[in-house]
**Student:** 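Before we start, here is the structure in question, set down as structure tokens.
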Amino acid sequence: MSPSEPLATSDAHGGRAVERQSVYVYEAPVRLWHWINAFSILTLALTGYFIGSPLPSVPGEASANFVMGYIRFTHFAAGQILAVALILRILWVFVGNVHARQIFYLPLWSGRFWKEWVHDVRWYAFLISEPKKYVGHNPLAQSAMFLMFTLPLFFMVITGFALYSEGAGRDSWECSLFGWVFSIWPNSQDVHTFHHLGMWVILVFIMIHIYGAVREDIMSRQSIVSSMISGERMFKDRED
């Protein structure tokens, strides 16, 4: 993962880019998983909202409508796609590069991690003017990804299949693998409530994630958004 050769270019304002190095960070399976997740979660959030708060009425005869049935089917299909993609993503942790496993753990034992974590908090709080450069996720982003996305994603898959098992029956594989959830929360409505709250945790994270990515692209002079398309992290330091 060595940087490419520096490119000497100039912009419309006369600024000369003295370093424009790119590093290949996110492999194709990681990028594909990212976008499958994005569309699956959007679908799940929309359909899940209507499952929790159904439409008050539909036009025409009841026999001519299957609106909630289609909404539930779309929700279940998106959930199964999300679960399969998560399994494949976990497998890629063992064969991909070091950046493929960043969101699945936190190096709490590392003093450097905590030092840079504090630096990143100060950077996002506008207390310092210069960011650190990272090839992968910075420590603060890694913490947010793990605590607000990775763990909640596992929780949503587990509780989602547990709730699905209620309709699939006690002899279904969903009940065999995830029925234990109801030994923790015997009341099905509790599982529904926690599943609903889990959705909001992920949605709040997504808003923070988008803000942070766009902010870093603009202020830290390193590519974030385009990196999940091309796989390359571009460092755009320049000399005015």
Side-chain angles (χ1 to χ4, degrees), residues 22-53 70-106 124 134-161 163-164 194-220 222-234:
S22 64
V23 181
Y24 187 66
V25 181
Y26 301 115
E27 299 160 307
V30 174
R31 304 198 307 272
L32 180 62
W33 179 72
H34 177 276
W35 295 112
I36 289 175
N37 263 357
F39 289 113
S40 296
I41 291 173
L42 176 62
T43 302
L44 286 162
L46 289 173
T47 55
Y49 174 82
F50 286 114
I51 291 173
S53 304
Y70 290 130
I71 290 175
R72 284 169 57 84
F73 171 79
T74 303
H75 189 81
F76 298 153
Q80 290 169 3
I81 291 172
L82 186 77
V84 171
L86 179 60
I87 293 172
L88 295 176
R89 179 65 176 83
I90 293 171
L91 294 176
W92 190 257
V93 166
F94 300 100
V95 297
N97 62 21
V98 64
H99 306 292
R101 44 186 176 269
Q102 265 194 304
I103 67 170
F104 289 93
Y105 76 103
L106 291 178
Y124 280 100
Y134 299 96
V135 175
H137 295 297
N138 66 55
L140 187 58
Q142 184 177 355
S143 301
M145 288 284 289
F146 179 75
L147 296 173
M148 296 186 67
F149 181 74
T150 304
L151 293 183
L153 191 64
F154 279 106
F155 178 81
M156 294 299 283
V157 169
I158 292 170
T159 55
F161 276 107
L163 291 170
Y164 186 85
F194 290 129
H195 191 72
H196 186 84
L197 291 175
M199 176 195 74
W200 283 109
V201 171
I202 292 177
L203 290 180
V204 169
F205 164 77
I206 289 173
M207 290 187 281
I208 297 172
H209 176 61
I210 293 174
Y211 164 75
V214 174
R215 181 185 187 275
E216 287 299 281
D217 239 325
I218 297 171
M219 297 186 64
S220 71
Q222 51 189 319
S223 65
I224 303 294
V225 178
S226 62
S227 294
M228 202 47 69
I229 299 175
S230 67
E232 294 189 350
R233 172 69 37 84
M234 186 77 72

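The figures here come from the full heavy-atom set of this structure, side chains too, leaving out hydrogens, waters and symmetry mates. Since the model is a prediction, treat every value here as computed from it, not as a measurement.
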**Student:** Over all heavy atoms of both residues, which pair between R89 and F104 is shortest? Give the atoms and the distance, please.
**Tutor:**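 Looks like NH1-CE1, 3.6 Å.
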**Student:** As a quick check of understanding, evaluate side-chain contact (heavy atoms from CB on, under 4.5 Å) for L44 and H75, giving each step before the final call.
**Tutor:** CA-CA 5 Å; L44 286 162; H75 189 81; 3.6 Å; yes
**Student:** Nearest 0.5 Å, please: how far is OG in S223 from CE in M228?
**Tutor:**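 Between M228 CE and S223 OG, I get 10.5 Å after rounding to 0.5 Å.
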**Student:** Are W92 and V30 close enough that some pair of their side-chain heavy atoms sits under 4.5 Å apart?
**Tutor:** yes
**Student:** Can you check whether H137 and Y26 have ring centres sitting under 6.0 Å from each other?
**Tutor:** yes
**Student:** Just to verify, which of I103, L140, L106 counts as forming a side-chain contact (heavy atoms from CB on, under 4.5 Å) with M145?
**Tutor:** I103
**Student:** Please lay out, stage by stage, how S230 and S226 fare under the test side chain to side chain donor-acceptor pair (under 3.5 Å).
**Tutor:** CA-CA 6 Å; S230 67; S226 62; 5.1 Å; no
**Student:** I need the H195 NE2 to L197 CG distance, nearest 0.5 Å.
**Tutor:** 11.0 Å
**Student:** Does OH belonging to Y105 count more than 12 external heavy atoms closer than 6.0 Å?
**Tutor:** yes
**Student:** To the closest 0.5 Å, what do you measure between CG (L86) and CE (M156)?
**Tutor:**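 The distance works out to 12.5 Å.
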**Student:** As an exercise, state the distance from CZ of F76 to OG1 of T47, rounded to the nearest 0.5 Å.
**Tutor:** 9.0 Å
**Student:** Parallel, tilted or perpendicular, judged at 30° and 60°: which one describes the rings of F155 and F194?
**Tutor:**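 Answer is perpendicular, since the angle exceeds 60°.
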**Student:** Calculate, to the nearest 0.5 Å, the distance between atoms OH and CG belonging to Y24 and N97 respectively.
**Tutor:**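 Here the interatomic distance stands at 8.0 Å.
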**Student:** Relative to the ring of H34, is the ring of H209 parallel (under 30°), tilted (30 to 60°) or perpendicular (over 60°)?
**Tutor:**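 Tilted.
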**Student:** Find out whether N37 and L153 are in side-chain contact, i.e. whether some heavy atom of one side chain is under 4.5 Å from a heavy atom of the other.
**Tutor:** yes
**Student:** Output the distance between atom CG (L82) and atom CD1 (I87), rounded to the nearest 0.5 Å.
**Tutor:**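 Output value for this atom pair is 10.5 Å.
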**Student:** Around atom CZ of R72, are there more than 12 heavy atoms of other residues, nucleotides or ligands at under 6.0 Å?
**Tutor:**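 Check fails, neighbour count at 12 or below.
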**Student:** Is it the case that over 12 heavy atoms from other parts of the model lie below 6.0 angstrom from the CZ atom of F50?
**Tutor:** no
**Student:** Whether the side chain of E27 engages the backbone of A100 through a donor-acceptor N/O pair (distance < 3.5 Å, no angle test) should be reported.
**Tutor:** no
**Student:** Would you indicate whether the side-chain heavy atoms of I224 and R233 approach each other to under 4.5 Å?
**Tutor:**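 Sidechains of I224 and R233: in contact.
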